[in-house]
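Quick notes on the structure that follows.
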Amino acid sequence: MTVEELKQIKQRKYDLVTVRRLVAEEGAKLAEHTDYRKQVLVCGGTGCTSSNSAEVIAALEKELKANGIDDVLIVKTGCFGLCALGPIMIVYPEGSFYSQVTAKEVPEIVAGHLVKGGEPVKKYLYSETVHTDGSTIPLSETAFYKKQMRIALRNCGVINPEDIEEAIASDAYFALAKVLTTMKPQEVIDELLAAGLRGRGGAGFPTGRKWAFAMAQENDTKYVCCNADEGDPGAFMDRSVLEGDPHSVIEAMAIAGYTIGSKQGYVYVRAEYPIAVQRLRIAINQAREYGLLGKNILGSGFDFDIDIRLGAGAFVCGEETALMTSIEGHRGEPRPRPPFPAIKGLFGKPTILNNVETYANINPIILRGSKWYSSIGTEGSKGTKVFALGGKINNVGLVEVPMGTTIREIVEEIGGGIPNGKKFKAAQTGGPSGGCISAKYLDVPIDYDNLTKIGSMMGSGGMIILDEDTCMVDISKFYLEFTVDESCGKCTPCRIGTKKLLDYLTKITEGKGEMEDLDRIRELANHMKVSSLCALGQTAANPILSTMNAFEDEYIAHIKDKKCPAGVCKALLSYSIDADKCRGCTLCARNCPVKAITGKVKEPHVIDTDKCIKCGLCMSNCHFGAVVKK
């Protein structure tokens with residue numbers, strides 16, 4: 001493969017892919033493509049696959065064949081972002097956005113829209129993409145996409161991730177070509193430093209500095225690693241990039257290899273991501289076949305290859321030294337630092353490790369320049385950040401916004417607000433190592449430094465929205481339960497400390513807590529922070545400390561009043577029946593699993609609190625609002 005051949009591939013597929021990008025991003029009115037009259041893009045990411053998008057694709061293929069239609073291209077893509085609306089199907093060149101498509105609806109869509117002269121079947125379209133006159137609204141103008149800026153996700157939902165030529169048509173490997181033919185390793189470092197790219201996996205260490213440390217080491221063997229383990233509950237950013245655009249990671253790792261003087265890379269990806277693993281394997285094999293991995297890449301004399309290592313779902317392997325220990329074939333446990341991996345990492349050799357999203361930013365920075373990239377974001381945090389938006393939010397999905405975007409903009413505009421008219425209570429960012437951000441900070445611009453100041457952290461990018469029905473003590477307990485399970489046990493502060501913190505929270509949620517427990521939690525958290533071996537133990541108390549600071553009244557209510565204000569903690573709940581509202585229908589009594597409810601037909605019923613197991617079935621079955629939870 002030569003650079004000229006790379007350009008020829010791009011030219012061959014460029015028009016096909018550009019139709020999709022221009023219609024989605026700019027609302028361009030384009031004629032039908034010369035090779036295909038229409039293109040039907042169906043999400044093949046994990047979210048839509050779990051909603052049976054594979055059945056939709058099979059139904060499309062069957063109906064097109066039955067109708068003798070051979071000029072419509074079906075493309076299985078990665079995630080479009082609006083996961084709550086899956087399966088998603090977009091028809092180009094119109095840009096018609098079909099949501100929650102089922103196989104049963106496909107015949108009608110094919111007969112009405114995909115035949116020659118057909119029109120979109122309006123009743124199946126996502127309402128926000130249709131004007132009142134029936135014309136299409138570009139995705140970039142909808143509330144969900146309007147404030148987004150897709151850099152890391154630029155090709156997700158646009159290309160077929162299993163077709164390297166579609167990736168090349170979207171500029172894949174042209175940054176590698178530029179680096180190998182026109183740039184010295186130090187120039188790559190300088191470009192990354194000028195861009196201000198910080199690692200997207202946790203603490204936000206400057207990527208250029210990390211690469212520079214490894215480049216400076218004198219050693220014949222060096223390694224480039226990619227962290228695709230992504231263990232935070234509710235996080236799926238890196239998975240979506242690998243499923244939708246795996247070549248962006250492969251190319252960036254090759255660039256990293258050239259820069260630091262490495263010939264071998266490893267992607268450490270969790271085995272629970274079967275679609276991501278499959279597409280990554282396909283992409284690596286294609287890159288080798290096209291001469292973009294392996295020996296003498298693009299005729300430059302540079303050799304580089306990548307292998308995959310599967311993780312077993314250990315959260316601690318998100319820590320870089322634990323991840324490298326696992327790649328080496330040992331139990332994933334962290335190692336003391338220093339020495340840092342850039343000096344002594346994988347197999348004792350200089351190693352750099354970045355996560356998937358960090359690598360996904362490399363190609364645009366090299367091709368478009370550091371000046372362009374550094375113009376996005378805030379003073380200390382450049383570029384964009386991908387968030388997995390979940391929890392109590394209408395538009396669950398994947399979003400990418402410029403650094404400096406506020407939580408209010410993400411929740412109320414992009415996320416579409418809280419379901420059922422409930423009030424926003426907090427946003428949990430940073431996963432088990434992060435914290436909860438209260439409504440007080442809704443208008444704080446999101447970046448690395450601001451999140452740290454208000455008691456949370458960026459982390460890898462999970463953002464869980466909590467509403468007024470959430471108990472903040474219980475949510476802290478949830479994260480501690482996770483951390484206790486995931487602690488590797490190597491160091492005493494983490495192994496014992498996390499369990500002790502969980503014991504305190506369990507006491508409080510069971511109504512057995514003491515005010516002194518809050519002081520004990522703070523003291524223990526401080527000891528763990530300074531003495532734990534790795535960030536798992538050092539940050540394990542963050543969810544508790546942040547909720548204690550922002551929602552101390554809830555902890556006090558649990559301890560002093562023996563009440564859970566949100567009505568979540570079972571041990572502190574009691575159920576009773578309002579005699580004035582009870583119609584004596586007996587439905588509550590008939591559904592009570594322990595026969596704790598008594599009463600005659602058409603007379604008020606009574607709950608025996610000693611027998612009641614607080615399952616809540618009486619309340620969910622009462623049609624008259626007579627059951628009261630306190």
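When reading the values below, keep in mind they use all heavy atoms of this one structure, side chains included, and skip hydrogens, waters and symmetry mates. Start at 1 with the first residue, then count along the sequence.
- A donor-acceptor pair under 3.5 Å is absent between the side-chain atoms of Glu412 and the main chain of Gly415, judged by distance alone.
- Thr429 pairs with exactly one of Ile464, Leu451, Ile454 by the side chain to side chain contact (heavy atoms under 4.5 Å, CB included) rule, that one being Leu451.
- Shown here for Glu328 and Phe347, the closest heavy-atom pair between the two residues is OE2-N, 2.6 Å.
- The stretch residues 150-184 participates, sequence neighbours left out, in these ring pair (Phe, Tyr, Trp, His ring centres under 6.0 Å) pairs: Tyr173-His247.
- Residues Asn395 and Ile414 are not in side-chain contact: their nearest non-hydrogen atoms beyond the backbone lie 4.5 Å or more apart.
- Between the Thr142 side chain and the Pro138 main chain, no donor and acceptor come within less than 3.5 Å of each other.
- When all heavy atoms of Gly311 and Glu272 are compared, the pair lying nearest together is O-OE1, 4.2 Å.
- The environment of Lys344 atom NZ is sparse: at most 12 non-hydrogen atoms of other residues, nucleotides or ligands sit within 6.0 angstrom.
- Atom CG of residue Asn363 and atom CG of residue Asp245 lie 8.5 Å apart, to the nearest 0.5 angstrom.
- Ser240 places a side-chain N or O within 3.5 Å of a backbone atom of Phe236 that can act as its donor or acceptor partner.
- Of all heavy-atom pairs between Cys488 and Gly332, the closest is CB-O, 4.0 Å.
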For this session: Report the C-alpha distance between Ile151 and Ile376 in whole Å, list the side-chain angles of each, state the deciding distance to 0.1 Å, and finish with yes or no for side chain to side chain contact (heavy atoms under 4.5 Å, CB included).
Result: CA-CA 11 Å; Ile151 295 177; Ile376 305 163; 3.9 Å; yes
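- Contact detail for Val267 and Ala228: the closest heavy-atom pair is CG1-CB, 4.2 Å.
- The side-chain heavy atoms of Arg150 and Cys156, taken from C-beta on, include a pair separated by under 4.5 Å.
- A side chain to side chain contact (heavy atoms under 4.5 Å, CB included) with Cys317 is found for exactly one of Asp229, Ile327, Leu536, namely Asp229.
- Judged purely by distance below 3.5 Å, without hydrogens or angles, the side chains of Glu243 and Tyr273 never pair a donor atom with an acceptor atom.
- Distance CZ/Phe80 to CZ/Phe144: 12.0 Å, rounded to 0.5 Å.
- The backbone N or O of Gly199 lies less than 3.5 Å from no partner atom in the side chain of Thr358, so there is not a single donor-acceptor pair.
- Judged as a side chain to side chain contact (heavy atoms under 4.5 Å, CB included), and not counting sequence neighbours, the contacts of Glu481 are Lys477, Leu502.
- Within 6.0 Å of the CG atom in Asp485, the count of heavy atoms belonging to other residues, nucleotides or ligands exceeds 12.
- A donor-acceptor pair shorter than 3.5 Å can be found between the side chains of Asp190 and Gln186.
- Using modelled atom types, no side-chain atom of Ser381 and backbone atom of Thr378 make a donor-acceptor pair closer than 3.5 Å.
- Between the side chains of Ser487 and Thr498, not a single donor N or O lies within less than 3.5 Å of an accepting N or O.
- Listed for the Thr182 side chain is a donor-acceptor partner under 3.5 Å among the backbone atoms of Lys178.
- The residues Lys147 and Glu413 are annotated as salt-bridged, a charged nitrogen and a carboxylate oxygen being separated by less than 4.0 angstrom.
- For Thr351 (side chain) and Ala342 (main-chain N/O), no donor-acceptor pair under 3.5 Å exists by modelled atom type.
- Using cut-offs of 30° and 60° for the angle between ring planes, the Phe315 and Phe482 rings count as perpendicular.
- For the pair Leu139/Ile90, a side-chain contact is recorded, criterion being any heavy-atom separation below 4.5 Å from C-beta on.
- By the 4.5 Å heavy-atom criterion applied to side chains, Val316 and Glu486 are not counted as neighbours.
- Between the side chain of Lys222 and the main chain of Gln217, a donor-acceptor pair closer than 3.5 Å is present.
- Checked by atom type, the side-chain pair Glu320/Asn227 shows no donor-acceptor distance below 3.5 Å.
- Distance alone, capped at 3.5 Å, places no donor-acceptor pair between the Thr406 side chain and the Asp443 backbone.
- Note: Arg209 CZ to Arg198 CZ = 10.0 Å, rounded to the nearest 0.5 Å.
- Counted within 6.0 Å of NZ on Lys10, heavy atoms from surrounding residues, nucleotides or ligands total more than 12; the atom is thus considered enclosed.
- At least one side-chain heavy atom of Ile410 sits less than 4.5 Å from a side-chain heavy atom of Met463.
- Shown here for Val277 and Arg270, the closest heavy-atom pair between the two residues is CG2-O, 4.0 Å.
- At least one donor-acceptor pair under 3.5 Å links the side chain of Arg21 to the backbone N or O of Arg154.
- Considering only residues two or more places apart in sequence or on other chains, Thr539 meets the side chain to side chain donor-acceptor pair (under 3.5 Å) condition with Ser433.
- For the residue pair Ser532 / Gln538, no side-chain donor-acceptor distance below 3.5 Å is found, with atom types taken as modelled.
- Applying the ring pair (Phe, Tyr, Trp, His ring centres under 6.0 Å) rule to pairs touching residues 177-221 yields nothing, sequence neighbours excluded.
- Between Tyr448 and Met403 the shortest side-chain heavy-atom distance falls below 4.5 Å.
- By the side chain to side chain donor-acceptor pair (under 3.5 Å) test, Thr325 pairs with Arg335, sequence neighbours left out.
- Taking CD1 from Ile159 and NZ from Lys76, the interatomic distance works out to 14.0 Å, rounded to the nearest 0.5 Å.
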For this session: Begin with the C-alpha distance, continue with both residues' side-chain angles, and end with the deciding distance and a verdict on salt bridge (Lys or Arg N to Asp or Glu O under 4.0 Å) for Asp163 and Arg279.
Result: CA-CA 10 Å; Asp163 184 345; Arg279 291 184 182 164; over 6 Å; no
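- Under the 3.5 Å distance criterion, with hydrogens and angles disregarded, no donor-acceptor pair is assigned to the side chains of Glu251 and Tyr359.
- By the 4.0 Å N-to-carboxylate-O rule, Arg288 lies close enough to Asp307 to be salt-bridged with it.
- The shortest distance between side-chain heavy atoms of Phe304 and Ser262 falls below 4.5 Å.
- For residues 377-391, the pairs satisfying salt bridge (charged side-chain N to carboxylate O under 4.0 Å, His left out) are Glu357-Lys385, with sequence neighbours left out.
- Annotation: the span from Leu367 atom CG to Asp171 atom CG amounts to 5.5 Å, rounded to 0.5 Å.
- Counting heavy atoms from C-beta on, the side chains of Val42 and Thr77 never come closer than 4.5 Å.
- Leu197 CG to Asn354 CG: the interatomic distance, rounded to the nearest 0.5 Å, is 8.0 Å.
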